[in-house]
Every structure is written in structure tokens, then in C-alpha cells.
Asks: 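Can you keep this structure in mind? I'll have questions shortly.
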Amino acid sequence: FPTFASLWAYSRISLGLAGAKRILEVMNRENNLDQNAAGYAKPMRGEVEFRDVTFRYGEGEPVLENVSFKVQPGQTVAIVGQTGAGKTSLVRLINRTYDISGGRVLVDGVDVRDWNLENLRRNISIIEQDIFLFSRSISENIAFGKPGATQDEIEEAAKAAQAHEFILSFAEGYATVIGERGVTLSGGQRQRLALARAFLTDPRILMLDDSTSAIDSATEDHIQRAIYAAARGRTTFIITHRLSQIRWADLILVIRGGRLVASGSHEDLLRDSEAYRRIFSE
Ligand code: M5T
Ligand code: MG
């Protein structure tokens with residue numbers, strides 16, 4: 001028995017050591033983005049400029065090439081282009097989810113790499129293509145970006161995001177649990193919860209990577225109004241195929257194969273850009 005027990009103990013200890021090694025490796029790993037704690041930390045106005053930006057994932061082919069444009073604080077920018085054109089990649093460069101490979105990205109005239117990373121990200125919200133919600137209550141999901149938000153603040157944000165009504169349609173209202181153990185929300189409903197989050201954190205730059213294509217026109221109208229309200233008073237980037245959202249943008253960027261092929265207002269582009277017209281004739 002002692003021999004048997006020692007063998008057993010030995011194999012458990014080896015397993016434990018191997019596991020601990022892996023865990024420590026992950027825990028000690030350094031982030032390859034420089035946090036830049038001493039960086040620029042003034043309040044953000046929301047001006048965004050791309051100067052001849054090139055970007056590639058790892059060692060691959062460039063997914064963005066020589067992209068340049070400038071956005072004034074408070075403007076609304078629509079980004080259009082076919083799937084795989086580089087739209088999502090473009091907005092991810094602004095909050096440094098990824099760092100560029102060439103050129104410069106400037107916010108308020110300061111290179112994003114010279115910003116204090118925490119300050120930069122606190123002022124920028126991205127509503128991703130796949131909206132992530134926790135298996136928690138609706139209230140907790142909205143308050144995610146602002147721990148300690150009061151119930152009043154949460155409801156105020158939900159109202160602004162046109163979500164209050166559908167939330168109250170659930171028997172448990174704001175306490176309704178979402179996800180595996182609770183209700184399943186539609187794409188449009190998820191999007192409005194994400195917008196409510198954004199209202200609560202009040203970022204200077206808001207980016208909306210829209211993918212919900214199959215929604216009815218009543219929902220679309222709600223979302224439209226919510227986005228309109230959210231865009232007020234902050235720089236907003238909207239990636240969308242919906243003409244209703246593109247039309248009122250101050251600036252439209254047309255991306256094709258990683259290049260900015262046209263930019264301007266809806267009227268300008270309809271007149272001058274073949275690529276833009278083609279998007280709407282598809
Ligand atoms: C642009 C490639 C992708 C495409 C190009 C996210 C991601 C993308 N790519 C990678 O190689 N690695 C990655 O992690 O980059 O992709 P995108 O920016 O996601 O395109 P989009 O947002 O315009 O497309 P869509 O479908 O969301 O409208 O070649 O393979
Ligand atoms: Mg995308």
C-alpha cells in the first residue's frame with residue numbers, strides 16, 4: 001500500500017507542477033501594448049485624424065492602406081463598404097485594440113500611442129458587431145461600464161436608448177436575467193442595451209459596429225432614434241448598410257479592399273462616386 005500511495009501522490013504532484021507552470025506563465029505574461037501611464041491625460045474633445053494609415057494583422061497582407069481622413073469633434077461618420085473591406089479593423093485602431101503598422105492615428109491632435117491608455121479607452125466606447133451580454137440582470141448589464149450607477153441613472157439611460165419599454169414588458173423588468181439562465185434577446189434589443197451602456201458611460205467617441213440586418217421596420221425606427229440621441233454631442237462612427245443611418249452622417253467613408261476610395265456627404269458621393277452608388281444598387 002505505501003508503494004501504491006507514493007506512486008499516486010507522485011503523479012498528482014507532477015500534474016500539479018505542470019499546471020502551476022502554465023498558470024504562472026499566463027499570469028506573468030506582459031501585455032504587448034504600452035499602457036503609457038505617463039501619457040496624455042487631458043479631457044478628450046473627440047477630434048479624430050488618420051494620416052496615411054497602414055495596418056496588417058501580424059505579418060499578413062495589409063488590411064488597410066494609406067487611409068487618411070479627419071473628423072471634427074461631435075461629427076457623425078458613416079463607414080460603408082463590402083464585407084471584409086476593413087471597416088471593423090479601422091475603428092479598432094482608434095482605441096488601440098490594435099496598433100497601426102504605418103502612418104499615424106491622432107485624437108485631439110495627439111498620437112493615440114502618446115495617450116494615457118486608460119484615459120483614451122475610458123473616453124471611447126465601441127458597440128461591437130457581436131454584442132456581449134453577461135448572464136446577469138438587465139440592470140447589471142447596463143451598469144457594466146459604470147459600477148455603482150443608481151437605478152434612476154440606469155433607467156434614464158435605458159429610456160434614452162429606447163429600451164425602457166421592452167424591458168418593462170418582461171415580468172421582472174430590470175431584474176430580468178439574460179442569457180443561458182434567462183430570456184433570450186433579439187439583435188435589436190441587444191443593440192439597444194449596448195446603447196444604454198454607452199449613454200451611462202458618456203464617452204467622447206462612440207463607435208457602432210452594426211450587424212443586425214434582419215430587423216423589422218418598427219425596431220429599426222427605435223434603433224434609429226436611439227442612435228440619433230446617442231450621437232448628439234459626441235464624435236460618432238457608425239458602420240452600417242442602412243441608408244437611413246448613412247444619409248444624415250456629416251462624413252461618409254467608402255472603404256474598398258482596405259483603401260478609402262471616396263469620402264464626403266451623401267449628395268457628393270451619389271454624384272461623384274461609382275463605388276458608393278454600387279453599394280446601394282446591390
Ligand atoms: C478586414 C482580415 C479579414 C479581412 C480584413 C478581425 C480580423 C480581420 N482580418 C484578419 O486577418 N484578422 C482579424 O482578426 O482583415 O476585416 P474587417 O475589418 O473585419 O472587415 P469588415 O468589418 O469591413 O467586414 P464585415 O464583414 O464586418 O462587413 O480580410 O480577413
Ligand atoms: Mg466588421
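Given the structure is predicted, the values throughout are model-derived calculations rather than measurements. Values below: all heavy atoms of this structure, side chains included; hydrogens, waters and symmetry mates excluded. Numbers here simply count residues along the sequence, with the first being 1. Whatever order the structure lists them in is the order used to number ligands and atoms, beginning at 1.
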Asks: Students should be able to answer this: which protein heavy-atom is nearest to atom 10 (C) of ligand 1, and at what distance?
Replies: Tyr57 CD1, 3.2 Å

Asks: Return the residue, atom name and 0.1 Å-rounded distance of the protein heavy atom closest to atom 27 (O) of ligand 1.
Replies: Gln129 NE2, 2.7 Å

Asks: Just how far is it from atom CZ of Phe134 to atom CG of Asn141, taken to the nearest 0.5 Å?
Replies: 7.0 Å

Asks: Within ligand 1, which atoms have a heavy atom of Val63 less than 4.0 Å away?
Replies: 2 (C), 5 (C), 15 (O)

Asks: Flag the pair Arg190 and Glu128 as a salt bridge only when some basic side-chain nitrogen lies within less than 4.0 angstrom of an acidic carboxylate oxygen.
Replies: no

Asks: For atom 22 (O) of ligand 1, what's the nearest protein heavy-atom neighbour? Residue, atom name and distance, please.
Replies: Thr88 OG1, 2.7 Å

Asks: Not counting sequence neighbours, list each pair that qualifies as a salt bridge (Lys or Arg N to Asp or Glu O under 4.0 Å) and has a residue in residues 37-56.
Replies: Glu49-Arg51

Asks: Under a 4.0 angstrom heavy-atom cut-off, which atoms of ligand 1 come close to Arg92?
Replies: 6 (C)

Asks: If we count only non-hydrogen protein atoms and require a distance under 4.0 Å, does atom 30 (O) of ligand 1 qualify as touching the protein?
Replies: no

Asks: Atom 16 (O) of ligand 1: which protein heavy atom is closest, and how many Å away?
Replies: Ser89 OG, 3.7 Å

Asks: Quick one: CD on Gln189 to CZ on Phe166, what's the gap to the nearest 0.5 Å?
Replies: 4.5 Å

Asks: For atom 24 (O) of ligand 1, grab the closest protein heavy atom and report residue, atom and distance to one decimal in Å.
Replies: Gly84 N, 2.8 Å

Asks: Just to confirm my numbers, could you give the angle made at the Mg ion (ligand 2) by OG1 of Thr88 and OE1 of Gln129, rounded to 10°?
Replies: 90°

Asks: When you measure from atom 20 (O) of ligand 1 to every protein heavy atom, which one gives the shortest distance, and what is it?
Replies: Gly86 N, 3.3 Å

Asks: Please write down residue, atom name and distance for the protein heavy atom closest to atom 26 (O) of ligand 1.
Replies: Thr83 OG1, 2.6 Å

Asks: Starting from atom 28 (O) of ligand 1, what is the nearest protein heavy atom, named by residue and atom, and what distance separates them?
Replies: Lys87 NZ, 2.7 Å

Asks: Out of curiosity, is Ala85 lining ligand 1, as in a heavy atom under 4.0 Å away?
Replies: yes

Asks: Crowded around Glu61 CD? As in, over 12 foreign heavy atoms under 6.0 Å?
Replies: no

Asks: Go through the side-chain N and O atoms of Asn36 and Glu118 and say whether any donor and acceptor fall under 3.5 Å apart.
Replies: no

Asks: Could you tell me the separation between the CD1 atom of Ile127 and the CG atom of Asp210, rounded to the nearest 0.5 Å?
Replies: 9.5 Å

Asks: According to the salt bridge (Lys or Arg N to Asp or Glu O under 4.0 Å) rule, which pairs have a member within residues 152-175, sequence neighbours left out?
Replies: Lys146-Glu153

Asks: Could you tell me whether Tyr57 atom OH has more than 12 heavy atoms of other residues or ligands within 6.0 Å of it?
Replies: yes

